[in-house]
2 protein chains.
Amino acid sequence: MSDTVQDPKKPSRKERELQFRVGLVLDAAEEVFAETTFARASVEDIAEKAEISVGTLYNLFRSKEDLYRSVVSRAQEGFFDRVQERLSEARGPLEKVHAVVSYHFEHFHRYARQFRLYVSATNGFQWELRSMLDSEAMARQMQFRTRLIDICQDGMDQGIFKRGVPADLLAINVASLPHPFLLVWLERDTIDLMTLLPHAVTMVDRLLGVD
Amino acid sequence: MSDTVQDPKKPSRKERELQFRVGLVLDAAEEVFAETTFARASVEDIAEKAEISVGTLYNLFRSKEDLYRSVVSRAQEGFFDRVQERLSEARGPLEKVHAVVSYHFEHFHRYARQFRLYVSATNGFQWELRSMLDSEAMARQMQFRTRLIDICQDGMDQGIFKRGVPADLLAINVASLPHPFLLVWLERDTIDLMTLLPHAVTMVDRLLGVD
DNA sequence: ATACGCGATGAAGGCACGTTCACTTTCTTG
DNA sequence: CAAGAAAGTGAACGTGCCTTCATCGCGTAT
């Protein structure tokens, strides 16, 4: 019998060809999903960009959601693989942390498009158009940011905050410092948010360089 | 002629009643939008929760998008108003920064539901279900986090990183430190991402407490 | 050369949902 | 109290889009 039992490590030519084709489709899907949200991206657009028909797309993936998951997963895998690489090259904790931070910058410098997917993978967010925001809301947002920049500038001028970083970057970092804490809180709904506050204060103080 | 010219400062009873009703509808809409994304939230659900018909909803708001904008705008306004309050009470830059951070915690402790809207307003993100993520992707995410926690713990044990904060919180802060920089970069597409890296490194060093 | 099988195709099905509008109910006013 | 205005209603409409499936084209084996 022509029992085509293959070496399980080495998939057949057919199999490899399939994986290659799937990869091309994922490329196209990544491009489309990166441009908008999951809901707004259309299967037809993806099929067209991949130069296959919608039917074929559904032969390769069970559903739009399945396709999206695969795209995000692949992008995330690529990202983390490279981070791990850097981590294993780096010696000592400080160097390792620097490697992680640096690689974030390098990665999105190269694959700028993937940023939306990255956010989706790490936080469960999806992008929406900024234009969804009221112009009033935009204005308030800007006003608040300016206010915070001024405060940081004052602190530095008065020698209370450590110098060495532009005031606007410092301000933006301060403003987004609560976010990771809030995300942690949402993740484990057992903990009380307020118990995290002291730690957050410690972290801002470090950012500002106050003892 | 019964020219009902009103004192422009004091709207008519009708007008005030309308505003009150609009407020109730916004409450309902906030609840629904906070539960899912803009795309997934349905106008019918909102109308039902507000105990009005879909038609009435469309008498009050031009479109679903208009409604969403109003909800976000109102939530954001409430948030910023209170922050400004705290800011004006606080004396000196450090106290002001502390006030801002503290209020983030207080606010979402009280209005936990608004978190999604807050993110939407500040970053232009929308939430998606976590379940959209591959289980593999989840695992990778977790693995990376654990790796980073270990590194932070090592650093603290070796006396390289400053103590005083749980290793997991430190790790999460390190991991999300690049985010504000990336958002700044996306906002002003004129700048080169890599020019921001040195500042990011400075900020991590401060977070870690290395000189 | 012919028959067979497997993947590709895209038009049609079906559904979900935003929006409208003719009709009804409620309120106002003379 | 009646007539007219204003506001409320929800069924119907239109649109967009995911998914399916009968059909087709092409390579392979006999």
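These numbers come from a predicted model, not from an experiment. Residue numbers begin at 1 in each chain, while the letters A, B, ... track the order of the sequences.
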Report task. Specify the separation, in whole Å, of atom CD of B/E44 and atom P of C/dC17. Result -> 8 Å
Query - Euclidean distance, atom CD of residue B/E17 to atom P of D/dG8 [Å, nearest integer] - result: 11 Å
Query raised in the report: What residues form a side-chain contact (heavy atoms from CB on, under 4.5 Å) with A/S70, not counting sequence neighbours?
Result: A/L26, A/F61, A/D66
Query raised in the report: Between B/R40 (CZ) and D/dC17 (P), how many Å, whole number?
Result: 16 Å
Query - B/L24 CG to D/dG8 P, straight-line distance once rounded to whole Å - result: 12 Å
Between protein and nucleotides 10-15 of chain C, what N or O pairs are separated by less than 3.5 Å?
| from | atom 1 | to | atom 2 | distance (Å) |
| --- | --- | --- | --- | --- |
| C/dG10 | N7 | A/G55 | N | 3.3 |

Query raised in the report: What is the distance, rounded to the nearest whole Å, between atom CZ of A/F33 and atom P of D/dC18?
Result: 9 Å
Query raised in the report: How long is the line joining CG of B/D45 and P of C/dA16, in whole Å?
Result: 13 Å
Query raised in the report: Hey, what do you get for CG (A/L94) to CD1 (B/I151), rounding to the nearest 0.5 Å?
Result: 11.0 Å
Query raised in the report: Above 12 or not: heavy atoms from other molecules or residues under 6.0 Å from CD of A/E51?
Result: no
**Report entry** Gap between atom CZ of B/R69 and atom OG of B/S120 - 0.5 Å precision
**Finding:** 11.0 Å
Query raised in the report: Rounded to the nearest Å, what distance is computed from the CG atom of residue B/L18 to the P atom of nucleotide D/dA7?
Result: 8 Å
Query raised in the report: By ring pair (Phe, Tyr, Trp, His ring centres under 6.0 Å), which residues pair with B/Y118, not counting sequence neighbours?
Result: A/H179, B/F79, B/H104, B/F108
Report task. Quick one: label A/A41 by what it contacts on the DNA or RNA (base, sugar-phosphate, nothing), any heavy atom closer than 4.0 Å. Result -> sugar-phosphate
Query - A/M156 side, atom CE; A/L208 side, atom CG - distance, nearest 0.5 Å - result: 10.5 Å
Query raised in the report: Would a line drawn from the ring center of A/Y103 to the ring center of A/H107 be shorter than 6.0 Å?
Result: yes
Requested in this report: Give the rounded distance in Å between these two atoms: NZ of B/K64 and P of D/dT15.
Outcome: 18 Å
Query raised in the report: Which nucleotide in the set C/dG7, D/dT19, C/dT19 lies at the smallest distance from any side-chain heavy atom of A/N59?
Result: C/dG7
Report task. Tell me which nucleotide among C/dG18, D/dC18, D/dG8 gets nearest to the side chain of B/R21. Result -> D/dG8
